[in-house]
**Student:** 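Take a look at this one; I'll ask things after.
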Protein chains: 2
Amino acid sequence: METKYNIVKQAIRSKILDGTFQPHQKINSESELMKQFSVSRHTVRLAIGELVNQGWLYREQGAGTFCADRSKEESLSTIEEQKNIAIITTYISDYIFPSIIRGVESYLSERGYHVSLFSTNNDHENERRFLEKILAQHFDGVIIEPTKSAISNPNINYFLNLERKHLPYIMINACYDGLEPLSLVVDDEKGGFLQTEHLIELGHKNIAGFFNSDDSQGIKRMEGYLKAHRKHQLPINPNNIIKYKTEEKTIKPTEELENLLSLPSKNRPTGLVCYNDELAIALLNVLRKKNLQVPDDISIVGFDNSFLAEVSEVKLTTIQHPKSEIGVKAGEIILELVKQSKRYKPNKAMVESIVFEPELIVRNSTKAR
Amino acid sequence: METKYNIVKQAIRSKILDGTFQPHQKINSESELMKQFSVSRHTVRLAIGELVNQGWLYREQGAGTFCADRSKEESLSTIEEQKNIAIITTYISDYIFPSIIRGVESYLSERGYHVSLFSTNNDHENERRFLEKILAQHFDGVIIEPTKSAISNPNINYFLNLERKHLPYIMINACYDGLEPLSLVVDDEKGGFLQTEHLIELGHKNIAGFFNSDDSQGIKRMEGYLKAHRKHQLPINPNNIIKYKTEEKTIKPTEELENLLSLPSKNRPTGLVCYNDELAIALLNVLRKKNLQVPDDISIVGFDNSFLAEVSEVKLTTIQHPKSEIGVKAGEIILELVKQSKRYKPNKAMVESIVFEPELIVRNSTKAR
DNA sequence: TCCGATTTGTTCGTATGTATG
DNA sequence: GCATACATACGAACAAATCGG
C-alpha cells in the first residue's frame with residue numbers, strides 16, 4: 001500500500017483526522033498537492049476521488065475541494081449503540097499488560113461491550129495509525145496506555161480531536177504532558193521511594209538503581225530512588241544509576257551490572273533497585289552466573305508483584321501493582337464517561353483520576369546487612 | 001450528463017439492470033469497451049470506477065471486471081468496511097495466550113484490520129454470549145480457541161450459524177468434534193510422546209504424568225505419554241497419571257505430587273511429564289520445598305517453551321510451541337478466507353489446516369540416571 | 001457586468017508493473 | 001512462459017465553474 005496516490009490519500013486523511021482540516025474548510029488545490037508530493041495531477045485526482053467517494057471530501061468545480069462534515073452521519077450511527085471500546089497498549093504479551101487487558105475485558109464484556117485491541121509496540125507511528133482508525137470508525141470510548149510517555153508526544157492533535165468529537169478517553173499507567181484526561185496511574189515516585197527506603201532501612205548504603213528512561217514510570221521511580229537517598233542523607237553515586245531505553249532492555253542493564261560487580265568490593269553495590277520484576281529476574285540471572293547469593297551477598301527489589309516474583313527459587317521483594325484492578329477501574333470509568341457523553345449530561349464529576357498507592361511486598365530477595 | 005464516461009457508465013448499468021450481466025459474471029474488458037464506445041481507456045476506467053464505488057461491479061486484477069451481487073444489502077449497508085476480526089480465547093492473561101493474541105494483532109493491524117477480544121474464562125455460557133454478539137454485529141471473521149474442547153460443545157448451533165451467514169471462522173489450539181473448520185493446532189500427541197520418550201531414553205522407568213483433562217490438548221498429550229510407554233515396552237502405572245480440571249490446577253497436581261513423593265523410594269517417580277511449563281514451575285516449587293534437586297534427584301519436562309522455562313534457576317527442558325507464530329498464521333488464514341468470502345470465489349484450497357510439529361528443547365531440568 | 005486567474009471536470013495519449021489463467 | 005486484464009503513473013489539452021477586482 002505504498003502507492004503514490006495512497007500516500008497522498010493518507011496524508012490528506014490524516015490532516016482531516018488530526019483536525020488540521022475542519023469541516024467545510026478548503027483543502028489545498030490539486031496543483032498545490034502536485035507540487036507538495038511531486039506527483040502528476042492524475043495521481044492527485046485519484047487520491048482525492050477516493051476520499052470523495054468515501055465521504056471525507058467534496059469537490060466544487062471552480063471553487064476547490066473541501067473537507068466534508070461527517071458529524072451528521074456519525075451521530076446517526078452512534079445512536080445505534082456499537083458498544084465498542086478501544087484499548088491501545090504498548091505491548092500485548094509482555095508481562096503485566098495481559099492482566100490489565102483481562103481486567104478491562106472482563107468488566108466490559110459483562111456489560112455487553114466489547115474490546116478492540118491495539119498494540120503500538122512502543123512506536124508513535126503505530127499509535128498515530130490506531131488513533132486515526134479509531135477516529136474514522138465508531139468507538140464509544142478509548143483507553144490508552146501512552147507510548148514512550150517520557151518524551152513529548154507527536155500525536156497530541158489526535159487526542160485533542162478526540163475531545164472535539166466528544167469521544168471519551170482515559171489514560172492508564174502514565175499520562176502525556178499537555179493533556180489533562182482522566183488517568184489511572186500508580187504513584188511511581190512513591191513506589192521507587194519504597195523500594196529504595198526498604199534497602200536503606202536494611203542497612204544498605206551502596207544501592208544501584210536500574211530504570212527505563214522511555215516511559216514516565218521509569219523516570220518517576222528514579223525520582224523516588226533519589227528522594228529516598230536524600231531523606232536518609234545517603235550520598236548518591238551517579239554511577240549507580242543506570243538508565244536504559246526499551247530497545248536496550250535485554251543488554252544494557254545486564255552489562256552495566258557486570259561492570260558494577262567488577263568494581264573493588266568496597267565500591268560494589270549491595271542492593272539493586274529494579275524498574276520492574278522482569279528486569280529483576282534478568283539481573284538475578286547475572287548474579288547466579290557470578291555465583292553471588294541473593295539475598296546473602298546482594299539484595300534485589302522488583303516492581304509490579306507479577307507472577308515472575310514467585311517463579312524463581314528466590315521469591316522477590318517487590319512493589320504491589322494493581323494490574324487487573326487497574327483494568328477493571330478503567331472499564332468502570334470509561335463506561336461512566338460514555339454514559340455521560342451519550343446523555344449529554346453536564347459531567348457530574350462523579351469520575352476522577354485515580355492514583356494507586358504502591359505497597360511494599362517483602363519476600364526473600366532482600367536482607368539486612 | 002452527456003459526458004462520454006457517463007454514457008459508458010449508464011450503458012453498463014443498464015446491462016446489469018436488464019439482466020444481461022448476472023452476478024459474478026465477467027463483463028467486457030476495458031479494451032473491449034474502448035473499442036465499443038470509441039473512447040480512451042481512461043474514460044472507461046472512470047466509468048467502471050464509479051460503478052465499483054457504488055457497488056455495482058468489482059474488479060480483479062488479471063482476471064477481469066465482474067458484476068456484483070447486490071442481493072446482499074447487508075454488506076452494502078455497512079458503508080465503509082469495518083475490517084473487524086473477533087478473537088475468542090479461553091484466557092487472556094494466562095501464559096501463552098498473550099503471545100498468540102499479539103501475533104494475530106500484529107499481523108492484522110498492519111493490514112488495516114483490528115481485533116476485538118473476547119475471553120470466555122473457559123465457560124461455555126460466555127462463549128455462547130460472545131457468539132451471539134458476533135452474529136448480531138458486524139465482524140468480518142472469527143478466530144476461536146475452543147472452550148473446554150475435551151467435552152462436547154453446547155454451542156455447536158452457533159458455529160453452524162456462522163457458516164450459514166458465510167462468516168469465516170477458524171479454530172486454534174484445538175477443535176470441537178462435529179465441526180470441520182480450518183484449524184491451527186499443535187500435534188499434542190506427538191508433543192506428549194516426545195516429552196515422555198526423552199525421559200525414557202535418559203533411563204527413567206517410573207515417570208509420572210500430569211495432564212489437564214478439560215481441553216483436548218491435555219488428553220492428546222496424555223495419549224502421547226501412553227504411546228511412548230508402549231513403544232518402549234515400559235509398564236504403565238495408573239497411579240502415575242494425574243488428571244486435573246482447570247479449576248483444580250493450583251491445588252490438585254501439587255497435592256498429588258506430594259503423595260507420589262511420600263511413596264517408598266523404589267516406587268517414587270524419577271521423572272515428571274507436565275501438561276505445560278506453568279505446571280512444571282508449580283511442581284518445581286514443591287520439589288524445592290522437599291529439598292529435592294532437579295535434575296539430580298528428579299527430572300522434569302515442561303511444554304510450550306514459554307518464558308517461564310528460562311526464568312527459574314533450573315532452565316526447563318520443554319516442547320516448542322509456535323505461540324505468536326500460530327497467531328500470525330491465524331491472521332493470514334482468516335484474511336484469506338475473508339477475501340474469498342467477499343469475492344464469492346470458489347475457494348482455491350489455498351488455505352488448509354495446519355498442524356505444527358512439536359520439537360523437544362533440552363535444557364537443564366532433565367538428566368540421565 | 002465583464003475579465004482574468006484559479007480550480008475542478010473531461011478526455012486523450014503513453015508507459016510500465018503485476019496478477020491471472 | 002505467454003497473452004490478457006487490471007493497477008499505477010506520467011504528460012497534455014481544453015472545458016466549465018468560481019471568485020475577486
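We use all heavy atoms of the structure for the numbers below, so side chains are in, but hydrogens, waters and symmetry mates are not. In what follows, chains carry the letters A, B, and so on, assigned in the order in which the sequence lines appear, proteins first and then strands, with residues in each chain numbered from 1.
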**Student:** Take B/E325 and B/F356 through the side chain to side chain contact (heavy atoms under 4.5 Å, CB included) test and state the conclusion after the steps.
**Tutor:** CA-CA 10 Å; B/E325 190 192 340; B/F356 290 90; 3.6 Å; yes
**Student:** Heavy-atom nearest nucleotide on DNA chain D for A/T43 versus B/Q61: which residue maps closer to 5'?
**Tutor:**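 Upstream on the strand: B/Q61.
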**Student:** With the side chain of B/R45 defined as its heavy atoms from C-beta on, choose the nearest nucleotide among D/dT18, D/dT8, D/dA9.
**Tutor:**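 When the side chain of B/R45 is considered, D/dT8 is the closest of D/dT18, D/dT8, D/dA9.
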**Student:** Would you tell me if any nitrogen or oxygen in the side chain of B/S31 comes within less than 4.0 Å of OP1 or OP2 on D/dT4?
**Tutor:**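 Checking B/S31 against D/dT4: no side-chain N or O falls below 4.0 Å of OP1 or OP2.
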**Student:** Please determine, for the side chain of B/T3, which listed nucleotide (D/dC10, C/dT11, C/dT8) has the closest atom?
**Tutor:**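 My answer, after comparing the listed nucleotides, is C/dT11.
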**Student:** CD of B/E50 versus C1' of C/dT10: gap in Å, rounded?
**Tutor:**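 Spelled out: CD on B/E50 to C1' on C/dT10 is 11 Å.
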**Student:** If I take atom NZ in residue A/K4 and atom C1' in nucleotide C/dA15, what distance separates them, rounded to the nearest angstrom?
**Tutor:**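 So the two atoms are 13 Å apart, to the nearest Å.
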**Student:** Could you tell me how far apart A/I7 (CD1) and D/dA9 (P) are, to the nearest whole angstrom?
**Tutor:**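 So the CD1-P distance, A/I7 to D/dA9, works out to 8 Å.
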**Student:** Once you round it to whole Å, what is the distance between C1' of D/dT18 and NZ of A/K26?
**Tutor:**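 After rounding, the gap between these two atoms is 11 Å.
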**Student:** Among the candidates D/dA5, C/dT20, C/dT8, find the nucleotide nearest to the side-chain atoms of B/A63.
**Tutor:**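 In terms of side-chain proximity for B/A63, the closest of D/dA5, C/dT20, C/dT8 is C/dT20.
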**Student:** Considering non-hydrogen atoms only, spot the tightest contact between B/N173 and B/H321 and give its length.
**Tutor:**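 Closest approach of B/N173 to B/H321, heavy atoms only: OD1-NE2, 3.9 Å.
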**Student:** Please tell me which of A/G62 and B/E32 maps to the more 5' nucleotide of DNA chain D, matching each residue to the nucleotide holding its nearest heavy atom.
**Tutor:**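 Its nucleotide being nearer the 5' end, the pick is B/E32.
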**Student:** To the nearest Å, give me how far apart CD1 (B/I48) and P (D/dC6) are.
**Tutor:**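 In whole Å, D/dC6 P lies 6 Å from B/I48 CD1.
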**Student:** Just how far, in rounded Å, is C1' of C/dT7 from CE of A/M34?
**Tutor:**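 Checked: the CE to C1' distance equals 12 Å.
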**Student:** Output yes when at least one side-chain N/O atom of A/R59 is less than 4.0 Å from OP1 or OP2 of C/dT7, else no.
**Tutor:**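 No, outside the criterion.
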**Student:** Under 4.0 Å between a side-chain nitrogen and a carboxylate oxygen: does that hold for A/E248 and A/K245?
**Tutor:**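 Judged by the 4.0 Å cut-off on N to carboxylate O distance, A/E248 and A/K245 do not form a salt bridge.
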**Student:** A/F66 has an atom CZ; how far is it from atom P of D/dA17, in whole Å?
**Tutor:**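 Whole-Å distance recorded here is 16 Å.
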**Student:** Report the relative orientation of the aromatic rings in A/F118 and A/F130; use parallel for angles under 30°, tilted for 30 to 60°, perpendicular for over 60°.
**Tutor:**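 Aromatic pair A/F118/A/F130 classed tilted.
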**Student:** Counting side-chain heavy atoms from C-beta on, which of D/dA9, C/dT10, C/dT8 comes nearest to B/Y5?
**Tutor:**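 Of the options given, the side chain of B/Y5 lies nearest C/dT10.
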**Student:** For the pair A/T147 (side chain) and A/E127 (backbone), establish whether a donor and an acceptor sit closer than 3.5 Å, ignoring hydrogens and angles.
**Tutor:**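 Such a contact is absent between A/T147 side chain and A/E127 backbone.
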**Student:** Please report, rounded to the nearest Å, how far the P atom of C/dG9 is from the NE2 atom of B/H42.
**Tutor:**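 That distance rounds to 12 Å.
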